[in-house]
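To keep things clear, I will list the structure first and then write my remarks on it.
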Amino acid sequence: MLDIKLLRTEPDIVRENIKKKFQDEKLPLVDEVIALDKEYREAKQKAEGLRNRRNVVSKEIGMLMGQGKKDEAMAKKTEVTDMAAELEALSVKETELEEEIRKRMLVIPNIIDPSVPIGKDDSENVENERFGEPVVPDFEIPYHVDIMEKLDGIELDPARDTSGNGFYYLKGDIARLHSACLSYARDFMIDRGFTYYIPPYMIRSSVVTGVMSFAEMENMMYKIEGEDLYLIGTSEHSMIGKFIDSIIDEDKLPQTLTSYSPCFRKEVGAHGIEERGVYRIHQFEKQEMIVVCKPEDSMKWYDILWKNTVDYFRSLDIPVRTLECCSGDLADLKVKSCDVEAWSPRQKKYFEVGSCSNLGDAQARRLKIRIKGPNGTYLAHTLNNTCVAPPRMLIAFLENNLNEDGSIRIPEALRPYMGGKSVIEVPNK
RNA sequence: GGAGAUGUAUCGAAGUGGUCAUAACGGGGCGCACUCGAAAUGCGUUAGCCCUCCGGGGCUCGUGGGUUCGAAUCCCACCAUCUCCGCCA
């Protein structure tokens, strides 16, 4: 969410930004907000004038009552009663206008960073940099489910019976590999100075509506029946939620956190949920990074965050690239964002395994996350990034570390988490 | 899950319908004075948000409603904490 003062003083910047994001249909909102805001402030001033009068008179009534001057007090009462209706009407108008303004402010996109490439949609995202050689071996790479099944590491049919499509049983060494990736990611991030968190996996509706839009909530979140609780779609929800309406001492910054959680997503209308396998599923696990920092540091942290993910994947011998989100594909709250994509030798292309975002002060403004410094309080900047989401990254892991005989090589870094194993062998039947 | 108690600034806490909400009283922090320095002492200071014609004004006593001319105070709902009982990993 933008600062409304920016719309008052520099509406052209806001309009220009909307155009850059190819959301011209939102252009009228700028003038609407400016007009509503003017009306709102007039109503507010009038209402506050009346409230002031009421407070003063009520105090006088109190004094008169204290002195036993009942008649004079009664006369004053009438004065307050007379303006009650006007005040009530103004209050309602005030609230209504405020809501109308907020409704519009929520959909006016955040000002993007000047470095963001201009483009209409995801087809115009820009490859930034490649890390590692994208190798295609001279033998055929099977579909990830087939690799896993050959290793006796996945059971999809029973999962369909117990839970439906979009769930899975991981088994044996593949399940262990999944957990190893997470444990390794946890230690990897701790080594880089991040504080490890295990957050609540369910959050109240008031937090949900704070951290996402209504449409997102409908399409992503599972609700617990009979309770005011939702299963989190990512640990970012609980991690950012804990900062809602808080003021952080400047010397406690930056907050660099890494959180583990299972993630639950309905994936309503999402492409690929029907696909067999673990690419898009209703339940997965993820190690996440969250940073809350001073405004001047956020771009520095943005670079540190995505590089962490790149380093993590490179330490597992998986080639990756970073793909920068163009203006039109950037979510409204984000200033800048890139995906980390892993190489798939089977598809001979890169696919998304993580997403790094700098939200500037937009999320902080919406959630009232502030910093207290020597010169007053100001809004924080917030960032988040995926370290690893194993079910999906296993696809890249298995494809890139597959031997011709179907066994899987375990990179050095992961061996301590796999009981020292250097290879996952194909079981003899 | 049952019973009871509680929620006021940085902390403890007073206020139980008005003329004591920046909020008594006490502690902590910070600044200044005294001191070679420190302790002790004294003085001062120590929320956030919004509007502003920059004079000021409004809102916030866990949160949201209600009653009232007026609510920290009365009523309702929710949230949280503590104690006891039950249950559980």
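Below, chains carry the letters A, B, ... as their sequence lines are ordered, and counting in each starts from 1. Heavy-atom basis, side chains included; hydrogens, waters and symmetry copies ignored. Everything quoted here is computed from the prediction, not taken from an experiment.
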Base, sugar-phosphate alone, or nothing: which one does A/Thr377 contact when heavy atoms must sit under 4.0 Å apart?
sugar-phosphate

Any side-chain N or O of A/Asn52 below 4.0 angstrom from OP1/OP2 of B/G56?
no

Nearest listed nucleotide, side chain of A/Lys5, among B/C51, B/A80, B/G70
B/C51

Round to a whole Å and report the spacing from CG of A/Leu87 to P of B/C69.
13 Å

A/Lys103 and A/Glu99 ion-paired at < 4.0 Å:
no

Is there a donor N/O on one and an acceptor N/O on the other, under 3.5 Å, for the side chain of A/Gln45 and the base of B/C53?
yes

Does B/C50 have OP1 or OP2 sitting under 4.0 Å from an N or O in the side chain of A/Arg51?
no

Verify the contact: side-chain N or O of A/Lys46 to OP1 or OP2 of B/G58, cut-off strictly under 4.0 Å; return yes or no.
no

Short side-chain N/O contact to B/C51 OP1/OP2 from A/Arg8, under 4.0 Å:
yes

From C-beta outward on A/Arg41, which listed nucleotide comes closest to its side chain: B/C51, B/U19, B/G18?
B/C51

Test salt bridge (Lys or Arg N to Asp or Glu O under 4.0 Å), reference A/Asp37, set A/Lys5, A/Arg102, A/Arg8, A/Lys44, output is A/Arg8

Among B/C79, B/G70, B/G57, the one nearest any side-chain atom of A/Glu48 is B/G57

